[in-house]
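Read the structure below first, then the notes.
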Amino acid sequence: MSDRYCVIGNPIAHSRSPDIHAAFAAQTGHTLVYERCLAPLDGFAATVGGLVASGYRGASVTVPFKLEAAALAGQLSERARAAGAVNTLVFADGVIFGDNTDGAGLVNDIVHNAGVAVAGKRVLMLGAGGAAQGCILPLLSQGPQAIVVVNRTRASADALVERFADAAPGKVAAADFADIDGPYDIVINATSASLADTMPAVPSQAFSPTTLALDMMYGNKPTRFMAFATAQGATARDGLGMLVEQAAEAFFLWRGVRPETDEILTRIRSAL
Ligand code: ATR
């Protein structure tokens, strides 16, 4: 029987992950099944228990279960611990291993797909929720000059910076929107503002014609943040590349091979 995987979330019907993993499997010649799994809001642990008992080999985890997945995993990777969240579970040898591939996906998209090095750069991170937190350690591993975290609620930005104070002293700082100077080399929108078709109050001086502006959200048209960045002359990018890259990293964890993402990213985009 084929190895089985799934993506667990609530809601889950909209998830693109089955298409992405089916494409990875076809490309690499791996035979596997990857399904959508709707878990009840109060039934994540029971759902995972059922998957393990049924012989599943792993699962992706999406909204709203990433924090619960971190609590449930018997072992965590360093990057999952730093993120405080898990988006990939591996079921092997009776252990539930939790990893977080979101930050690696973001970094791979910036460095390899957009062709922009993070090393030595000034990075502005908008937002201080789970999406932002998951990306700090992978960004730091690239050796940026600085990461400035700006959040509407300043206390969350301060708490996020505090988490990474020992890992990289002086590299990560918090600021308020009103204090944003610039320009920055890379501006990342990790707020959920785009979901509400709005944008964080980032001023135009954060951007320049050499800035890469990346919104973690994606859709069939540019977000307000992307349109604003483009109007300042920056190069804007949505979160679809990050989505495909985090999936490629999960596929590597499960299958030991790293799929090529270019053609799959193009195909998934044309289906949006
Ligand atoms: P996620 O796990 O996706 O990061 P989250 O933990 O709910 O989700 O965090 C959402 C982030 O988007 C927060 O940083 C939030 O700012 P607050 O902490 O001040 O709430 C930010 N956010 C949401 N809507 C925003 C908006 N319109 N402008 C600026 N920031 C916004």
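Taking the side chain as every heavy atom from C-beta outward, Y56 and L89 never approach each other to under 4.5 Å. Side chains of E68 and I8 form no contact here, defined as non-hydrogen atoms less than 4.5 Å apart. Under the 4.5 Å side-chain criterion, counting only non-hydrogen atoms from C-beta, Q145 is not in contact with D185. Counting heavy atoms from C-beta on, the side chains of F207 and P183 never come closer than 4.5 Å. Between L214 and D109 the shortest side-chain heavy-atom distance falls below 4.5 Å. Side-chain atoms of L51 and C6, non-hydrogen and from C-beta on, do get closer than 4.5 Å to each other. Side-chain contact between L32 and R255 is present, with at least one heavy-atom pair separated by less than 4.5 Å. The side-chain heavy atoms of L160 and N151, taken from C-beta on, include no pair separated by under 4.5 Å.
Counting only distance, with no hydrogens or angles, the side chain of Q133 and the backbone of A83 share a donor-acceptor pair below 3.5 Å. Without hydrogens or angle criteria, N10 side chain to A39 main chain gives a donor-acceptor distance under 3.5 Å. Panel note: side chain T211, backbone A213; no donor-acceptor pair is recorded below 3.5 Å. Of the possible polar contacts, one joining the R224 side chain to the D197 backbone as a donor-acceptor pair under 3.5 Å is found. Using modelled atom types, one side-chain atom of D238 and one backbone atom of L240 make a donor-acceptor pair closer than 3.5 Å. Of the possible donor and acceptor atoms, one in the side chain of Q232 sits under 3.5 Å from a partner among the backbone N and O of F228. Side-chain atoms of T191 do not come within 3.5 Å of backbone N or O of G127 as any donor-acceptor pair. Between the D93 side chain and the V95 main chain, no donor and acceptor come within less than 3.5 Å of each other.
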Legend entry - Stepwise side chain to side chain contact (heavy atoms under 4.5 Å, CB included) test for Y34 and I20: CA-CA 10 Å; Y34 186 109; I20 296 171; over 6 Å; no
Legend entry - Verdict with supporting geometry, I188 and C135, side chain to side chain contact (heavy atoms under 4.5 Å, CB included): CA-CA 10 Å; I188 298 166; C135 294; over 6 Å; no
Inset, instruction - Assess whether side chain to side chain contact (heavy atoms under 4.5 Å, CB included) is satisfied between F251 and V257, documenting all intermediate values. - result: CA-CA 7 Å; F251 194 90; V257 289; 3.8 Å; yes
Inset, instruction - Walk me through it: do M199 and T223 pass the test side chain to side chain contact (heavy atoms under 4.5 Å, CB included)? - result: CA-CA 8 Å; M199 65 171 274; T223 64; over 6 Å; no
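The two residues R122 and G182 have their closest heavy-atom pair at NH2-CA, 4.3 Å. Taking both residues in full, the closest heavy atoms of R36 and P18 are given as CG-CG, 3.6 Å, listed atom of the first, atom of the second, then distance. Summarising the geometry of V118 relative to I110, their closest heavy-atom pair is CG2-CG2, 4.0 Å, with the distance given to 0.1 Å. The two residues A174 and V161 have their closest heavy-atom pair at N-CG2, 3.6 Å. Considering every non-hydrogen atom in both A250 and T101, the closest pair reads N-CG2, 3.9 Å. Nearest approach of L67 to G84, heavy atoms of both residues: CD2-O, 3.1 Å.
Checked against a 6.0 Å centroid threshold, the rings of W254 and H30 do not count as neighbours.
Within a 6.0 Å radius of CZ in R57, no more than 12 heavy atoms belonging to other residues, nucleotides or ligands are found. D179 CG: more than 12 foreign heavy atoms inside a 6.0 Å radius. Atom CD of E78 has 12 or fewer neighbouring heavy atoms from other residues, nucleotides or ligands inside a 6.0 Å radius.
Put simply, I96 and L76 are part of the same group of oily side chains (I, L, V, M, F, W, Y) that touch within less than 4.5 Å, one to the next. Residues I186 and V111 are members of one and the same hydrophobic cluster, defined by side-chain heavy-atom contacts under 4.5 angstrom among Ile, Leu, Val, Met, Phe, Trp and Tyr. Under the 4.5 Å side-chain heavy-atom criterion for Ile, Leu, Val, Met, Phe, Trp and Tyr, F97 and F252 are members of distinct hydrophobic clusters. When hydrophobic clusters are built by joining Ile, Leu, Val, Met, Phe, Trp and Tyr residues whose side-chain heavy atoms come closer than 4.5 Å, directly or via intermediates, I268 is grouped together with L265. Taking hydrophobic clusters as Ile, Leu, Val, Met, Phe, Trp and Tyr residues chained together by side-chain heavy-atom distances below 4.5 Å, V61 shares a cluster with V52.
The aromatic rings of F65 and F44 sit parallel to each other, their planes meeting at less than 30°, with 60° as the upper class boundary.
By the ring-ring contact (aromatic ring centres under 6.0 Å, His included) test, F91 is found to be paired with no residue, residues two or more places apart in sequence or in another chain being considered.
Atom CG of N108 is separated from atom CE of M242 by 11.0 Å, given to the nearest 0.5 angstrom. To the nearest 0.5 Å, the span separating CG on N113 from CG on D262 amounts to 6.5 Å. Taken from CE in M226 to NZ in K221, the straight-line distance is 10.5 Å, to the nearest 0.5 Å. With rounding to the nearest 0.5 Å, the separation of CZ in R81 from CD in Q75 is 9.5 Å. Atom CZ in R79 sits 9.5 Å away from atom OG in S141 (nearest 0.5 Å). Annotation: the span from T62 atom OG1 to I12 atom CD1 amounts to 6.0 Å, rounded to 0.5 Å.
Checked by atom type, the side-chain pair D99/T88 shows no donor-acceptor distance below 3.5 Å. Side-chain atoms of Y218 and R16 include no donor-acceptor pair closer than 3.5 Å.
Using a 4.0 Å cut-off between charged nitrogen and carboxylate oxygen, D19 and R267 do not count as a salt-bridge pair.
Only one option out of V107, D102, N100, L106 pairs with P138 in a side-chain contact (heavy atoms from CB on, under 4.5 Å); it is V107.
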